[in-house]
Colleague: 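Dropping the structure in here first, questions after.
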Amino acid sequence: MYFETYKAVEDALKKVTGEDDVLLGDGGEHADLASTVAFALAKKRKENPAKIAADLKAELDKELASKGVSIETKGPYINFVFGGEYLKGILKEALKPGYGQLPAKNVRVCLEHTSANPNGPLHVGHIRNSVIGDTLARVYRKAGYNTDVHYYVNDMGRQIAIVSWGFDNLGIARKEGEKGDRYVADVYVEANVRLNADPSIKEEIDRRMALIEQGDAEMVKKFREAVILCLDGIKATLKEMNAPHNRFMFESDFVRNKSMINVLKRIEALPQAKQDGTLSIDLSEFGFEKEYVLRRSDGTSVYAARDLAYHEWKGANYDRAIDILGADHKLIGRQLQATLKLLGDVPPEIVFFEFVSLPEGSMSTRAGKFISADDLIDEVRKRAYEEVNLRRPELSEEEKRSIAESVAIGAVRYDIIRVSQEKSTVFDWKEALDFEKQSAPYIQYAHARACSILEKAGDFKEVFAPETEQEIALVKKIGMFPKVIDEISRDLRPHVLAIYARELADLFNSFYRYNPVIKAEGEVRDSRLTIVKAAGNTLREALTTLGIDAIKSM
RNA sequence: GGAUCUGUGGCUUAGCCUGGAUAUAGCGCCGGGCUUCUAACCCGGAUGCCAGGGGUUCGAAUCCCCUCAGAUCCGCCA
């Protein structure tokens, strides 16, 4: 409904002005849409912009009379206000299950996120990647894209060689009940301590790297055991976060199936290739000073080579590839894109996000300096349980725990997704544990309220007649949901959905305060119940797309 | 030294791509509101030279240049 109405207004403006760009945008508090095209025309026609606006209004009235859009001018601004027919159309759409789902696009998308090295548990920096990636995946599905979500497992890197050396030489025992990823981190941290103290260990690591590249059976087994042990822990965390992947791709597979060798051969043939001991590529034509090294002088490959093979595979199997990467990958990500262009491949689109640090500085798995996602979730869950226990003492233990779980995961995800990705953040326990206002529980609560009203009300007749200021504002916001999904799928900026969901909850709460529903009578009651149902449905769809449980009671 | 990103009330943050009408919210602060559909809520108030300087424009938080501050990268690691 929003798209159609926007298009009708835009077409009308184009027709009456003859301009290609009619400068149509959000009207803010003044209107639903507003155009500043009169300013542009004033320059061309050398006339007063306010007069132009007034003249255009007369013509626009004729064009848009049947669309339920009214036009007002305020000086040079042309404001468009959507009327009753629009509101009715929105409500009808928003009552349907799955509201916001856009038409299928027949485009296969490969979205890769998290892909953390399996040398320890996910920490609060990694899960910014997971939450951005998973939210985008949900948005893409909602936007009608056929979307696969990948985790690329770096199972033959130096870090894993260090972990395998640690398992063989340190004799560190797994603690009672310790998760695999945490155990691997213990080994990795200690192995690094040893490595720093005794540089001769580096030779042993190099030997392991050479063996793994050759496919040495024993070394493959050692690496794989360590990787799987850690990955199982990571998978458990991601599952709890509602951020599952549907494919785990192992980089070693691209070595074993020869695709990496094939890519390197084609790179050797490029004029930009340089071979003197190492194989590297000169990307100065793309503005990169440093050469991009793909093979070491000892003949083993670096991560970048395997990554090229993986991305060629993506190009062959999908229409679009989207990678979510931390800001530390900006340079190599762009080098990867440039190299794929030289090879004639379609490079991935990359979403970069800035770092999450601790008040005492940046995180480091190697130094054991991080807050794990598991620890964060545990703390938030404890806090959520206290809150539920306080508010709903009458609920069963099981219900309380279930609500606390949904609230905790929602709070963690929302706290991350609400900030735009280009902003670096400092992790703050106080904010993570705050469940008021700009938080998931606030939005979940609005949804639960809607559910509660509908349950108490029982059957009602659908009536499409928003009347009060709060009703109209709420329905208009509901109408924006498909546009928000579309916009995020274009701009790859998922924090917009977090803002939208919060604003929708704000408007629902204001509506709730001033417009009694169950106590109202007749058509007014039915109309309000219709609005509550549409709002509740939209809140649920928005929450679900954010990967947050839309619970019915809390 | 070079590259990229960020800088908006005491704190956190939207808006910046696509310039336009009194700059968005929250926390904190001050003052109200539960015999009323769940107060994880609502309403009102105070608080901003939109980092600083220059430029483009009828018009700049938004575009361009410079400076300052913070983050990240510049490895035969990933």
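What you are looking at is a predicted structure, and each value in this text was computed from that prediction instead of being measured. Below, read A as the first sequence line, B as the second, and so on, with proteins coming before strands; counting in each chain starts at 1.
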Colleague: To the nearest Å, how far apart are I78(A) CD1 and A21(B) C1'?
Modeller: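 Rounding to the nearest Å, CD1 of I78(A) and C1' of A21(B) are 14 Å apart.
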Colleague: Give one of base, sugar-phosphate or nothing for F435(A), where a contact means two heavy atoms less than 4.0 Å apart.
Modeller: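 Base contact.
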Colleague: What distance, rounded to whole Å, do you find between the two C1' atoms, one in G9(B) and one in A25(B)?
Modeller: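 Those two atoms are separated by 12 Å.
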Colleague: Any chance you could lay out the side-chain contact (heavy atoms from CB on, under 4.5 Å) test for I160(A) and D155(A), step after step, and finish with the verdict?
Modeller: CA-CA 7 Å; I160(A) 307 308; D155(A) 64 346; 5.6 Å; no
Colleague: Taking only the C1' atom of each, what is the distance from U72(B) to A78(B) in whole angstrom?
Modeller: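 That atom pair is separated by 16 Å.
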Colleague: Applying a 3.5 Å limit to both distances, which nucleotide forms a Watson-Crick or G-U wobble pair with G19(B)?
Modeller: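 For G19(B), the partner nucleotide comes out as none, under the 3.5 Å rule.
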Colleague: C27(B) pairs with which nucleotide, Watson-Crick or G-U wobble, both distances below 3.5 Å?
Modeller: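 Its partner is G10(B).
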Colleague: Looking for any heavy atom pair under 4.0 Å, which part of the strands does S510(A) touch: base, sugar-phosphate only, or nothing?
Modeller: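 Here S510(A) touches the backbone only, sparing every base.
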Colleague: Would you indicate whether the side-chain heavy atoms of M554(A) and D549(A) approach each other to under 4.5 Å?
Modeller: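 Result no, sub-4.5 Å side-chain heavy-atom pair not found.
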Colleague: Which atoms of nucleotides 6-17 of chain B (N or O only) lie under 3.5 Å from a protein N or O atom, and what are those distances?
Modeller:
unit_1 : atom_1 : unit_2  : atom_2 : d
G7(B)  : OP1    : K423(A) : NZ     : 3.4
U12(B) : O2'    : R418(A) : NH2    : 3.3
A14(B) : OP1    : S420(A) : N      : 3.0
A14(B) : OP1    : S420(A) : OG     : 2.5
A14(B) : OP2    : K423(A) : NZ     : 2.3
G15(B) : OP1    : H495(A) : NE2    : 3.1

Colleague: Could you state the atom-to-atom distance from OH of Y512(A) to P of C42(B) in whole Å?
Modeller: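 Rounding to the nearest Å, OH of Y512(A) and P of C42(B) are 11 Å apart.
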Colleague: P atom, C43(B) versus C5(B): distance in rounded Å?
Modeller: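 The same atom, P, in both gives a distance of 39 Å.
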Colleague: For S362(A), answer base if it contacts any base atom (sugar-phosphate contacts may also be present), sugar-phosphate if it contacts only those atoms, and nothing otherwise; contact means non-hydrogen atoms under 4.0 Å.
Modeller: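 Sugar-phosphate, no base atom in range.
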Colleague: Could you work out, with side-chain contact (heavy atoms from CB on, under 4.5 Å) as the rule, every residue matching V187(A), not counting sequence neighbours?
Modeller: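 Partners of V187(A) by the side-chain contact (heavy atoms from CB on, under 4.5 Å) criterion, ordered by chain and then number, come out as F167(A), I172(A), Y183(A).
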Colleague: To the nearest angstrom, how far is F353(A) atom CZ from C5(B) atom C1'?
Modeller: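 Roughly 13 Å, once rounded to whole Å.
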Colleague: Using atom P in both nucleotides, what's the gap between G31(B) and U36(B) to the nearest angstrom?
Modeller: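 These two P atoms come out 26 Å apart once rounded.
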Colleague: Between C17(B) and A60(B), how far is it from one C1' atom to the other, in whole Å?
Modeller: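 It works out to 15 Å between them.
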Colleague: Walk along nucleotides 73-78 of chain B from 5' to 3' and tag each nucleotide B, S or - by protein heavy-atom contact under 4.0 Å, base first, then sugar-phosphate.
Modeller: SSSBSB
Colleague: For L325(A) and C5(B), what is the distance between atoms CG and P respectively, to the nearest whole Å?
Modeller: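 Computing the L325(A):CG to C5(B):P distance gives 16 Å.
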Colleague: Please state the C1' separation for the pair C30(B) and C66(B) - nearest whole angstrom.
Modeller: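 Straight-line distance between the two C1' atoms is 43 Å.
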Colleague: Round to a whole Å and report the spacing from OH of Y292(A) to P of A3(B).
Modeller: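 Atom OH in Y292(A) sits about 21 Å away from atom P in A3(B).
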Colleague: Whether the D323(A) and H311(A) side chains hold a donor-acceptor pair (N or O, under 3.5 Å, no angle test) is what I'd like checked.
Modeller: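 Short answer, yes.
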Colleague: Both distances under 3.5 Å, Watson-Crick or G-U wobble: report the partner of A78(B), or none.
Modeller: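 Partner of A78(B): none found under 3.5 Å.
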Colleague: Could you list the donor-acceptor pairs under 3.5 angstrom formed by side chains in residues 448-461 of chain A, with sequence neighbours left out?
Modeller:
unit_1  : atom_1 : unit_2  : atom_2 : d
R449(A) : NH1    : N509(A) : OD1    : 2.7
K461(A) : NZ     : E523(A) : OE2    : 2.9

Colleague: Once ring-ring contact (aromatic ring centres under 6.0 Å, His included) is applied, do any residues pair with F427(A), and if so which ones, sequence neighbours excluded?
Modeller: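 Result, ring-ring contact (aromatic ring centres under 6.0 Å, His included) vs F427(A): W429(A).
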Colleague: Distances under 3.5 Å only, N/O to N/O: pair up the protein atoms with those of nucleotides 28-36 of chain B.
Modeller:
unit_1 : atom_1 : unit_2  : atom_2 : d
U36(B) : O2'    : K519(A) : NZ     : 2.9

Colleague: Considering every strand and a 4.0 Å limit on heavy-atom distances, what is the contact class for N48(A): base, sugar-phosphate, or nothing?
Modeller: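 Since no nucleic acid heavy atom lies under 4.0 Å of N48(A), the category is nothing.
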Colleague: Quick one: label V532(A) by what it contacts on the DNA or RNA (base, sugar-phosphate, nothing), any heavy atom closer than 4.0 Å.
Modeller: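 Since no nucleic acid heavy atom lies under 4.0 Å of V532(A), the category is nothing.
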Colleague: Side chain of H30(A): nearest nucleotide among A21(B), C41(B), C42(B)?
Modeller: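 Shortest atom-to-atom distance from the side chain points to A21(B).
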Colleague: Taking only residues at least two apart or on different chains, which pairs with a member in residues 279-293 of chain A satisfy salt bridge (Lys or Arg N to Asp or Glu O under 4.0 Å)?
Modeller: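 Counting only pairs at least two positions apart or across chains, the salt bridge (Lys or Arg N to Asp or Glu O under 4.0 Å) contacts touching residues 279-293 of chain A are K274(A)-E291(A).
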Colleague: Any chance you could list the contact pattern along nucleotides 57-69 of chain B? Use B for base contacts, S for sugar-phosphate-only contacts and - for none, protein heavy atoms under 4.0 Å, 5' to 3'.
Modeller: SB-----------
Colleague: Taking a pair as Watson-Crick or G-U wobble with both distances under 3.5 Å, which nucleotide is matched to U72(B)?
Modeller: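 The answer is A3(B), by the H-bond criterion.
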Colleague: Decide whether a cation-pi geometry holds between R224(A) and F250(A); the criteria are a distance under 6.0 Å from NZ or CZ to the six-membered ring centre and an angle within 45° of the ring axis.
Modeller: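 Yes, R224(A) and F250(A) form such a contact.
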Colleague: Less than 3.5 Å apart, which donor and acceptor atoms pair up between the side chains of residues 21-32 of chain A and the rest of the protein, not counting sequence neighbours?
Modeller:
unit_1 : atom_1 : unit_2  : atom_2 : d
D21(A) : OD1    : L23(A)  : N      : 3.0
D26(A) : OD2    : G28(A)  : N      : 2.9
D32(A) : OD1    : K476(A) : NZ     : 3.3
D32(A) : OD2    : F82(A)  : N      : 2.7
D32(A) : OD2    : K476(A) : NZ     : 2.9

Colleague: Give me the distance, rounded to whole Å, that separates G15(B) from U8(B) when you measure between the C1' atoms they each carry.
Modeller: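 Roughly 10 Å separates the two C1' atoms.
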Colleague: Could you pull out all residues at least two apart from I499(A) that satisfy side-chain contact (heavy atoms from CB on, under 4.5 Å)?
Modeller: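 I499(A) satisfies side-chain contact (heavy atoms from CB on, under 4.5 Å) with H495(A), R502(A), E503(A) only.
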Colleague: Within the distance-only criterion (no hydrogens, no angle test), does the side chain of E47(A) pair as donor or acceptor with the backbone N or O of I52(A) below 3.5 angstrom?
Modeller: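 No; zero donor-acceptor contacts below 3.5 Å.
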Colleague: Could you work out, with side-chain contact (heavy atoms from CB on, under 4.5 Å) as the rule, every residue matching N129(A), not counting sequence neighbours?
Modeller: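 Residues passing side-chain contact (heavy atoms from CB on, under 4.5 Å) with N129(A): H113(A), T114(A), I324(A), F353(A).
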Colleague: With C1' as the reference atom in both, quote the distance from C27(B) to G70(B) in angstrom, rounded to an integer.
Modeller: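 Between the two C1' atoms, the distance is 23 Å.
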Colleague: Measure the distance from CZ on F352(A) to P on C5(B) and round it to the nearest whole Å.
Modeller: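 For the pair F352(A) CZ and C5(B) P, the rounded distance is 11 Å.
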Colleague: If the condition is side-chain contact (heavy atoms from CB on, under 4.5 Å), which residues does D298(A) pass it with, not counting sequence neighbours?
Modeller: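 Checked D298(A) against side-chain contact (heavy atoms from CB on, under 4.5 Å); matches are R296(A), T300(A).
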Colleague: Need one value for A448(A): base, sugar-phosphate or nothing, where a base atom within 4.0 Å counts as base even if backbone is also close, heavy atoms only.
Modeller: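 A448(A): base contact, heavy atoms under 4.0 Å.
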Colleague: Whole-Å distance between A39(B) P and L390(A) CG?
Modeller: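 L390(A) atom CG is separated from A39(B) atom P by 15 Å.
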Colleague: Please give, in whole Å, the distance from U24(B) C1' to K437(A) NZ?
Modeller: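 After rounding, the gap between these two atoms is 13 Å.
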Colleague: How far apart are the C-alpha atoms of D253(A) and Y310(A), what are their side-chain angles, what is the distance that settles it, and do they pass the side-chain hydrogen bond (donor to acceptor under 3.5 Å, both in side chains) test?
Modeller: CA-CA 9 Å; D253(A) 288 344; Y310(A) 174 38; over 6 Å; no
Colleague: Could you check whether R401(A) makes a cation-pi contact with Y385(A), meaning its NZ or CZ is under 6.0 Å from the centre of the six-membered ring and within 45° of the ring axis?
Modeller: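 Yes.
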Colleague: Would you check if L474(A) and L504(A) make a side-chain contact, meaning some heavy-atom pair closer than 4.5 Å?
Modeller: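 Yes, side chains in contact.
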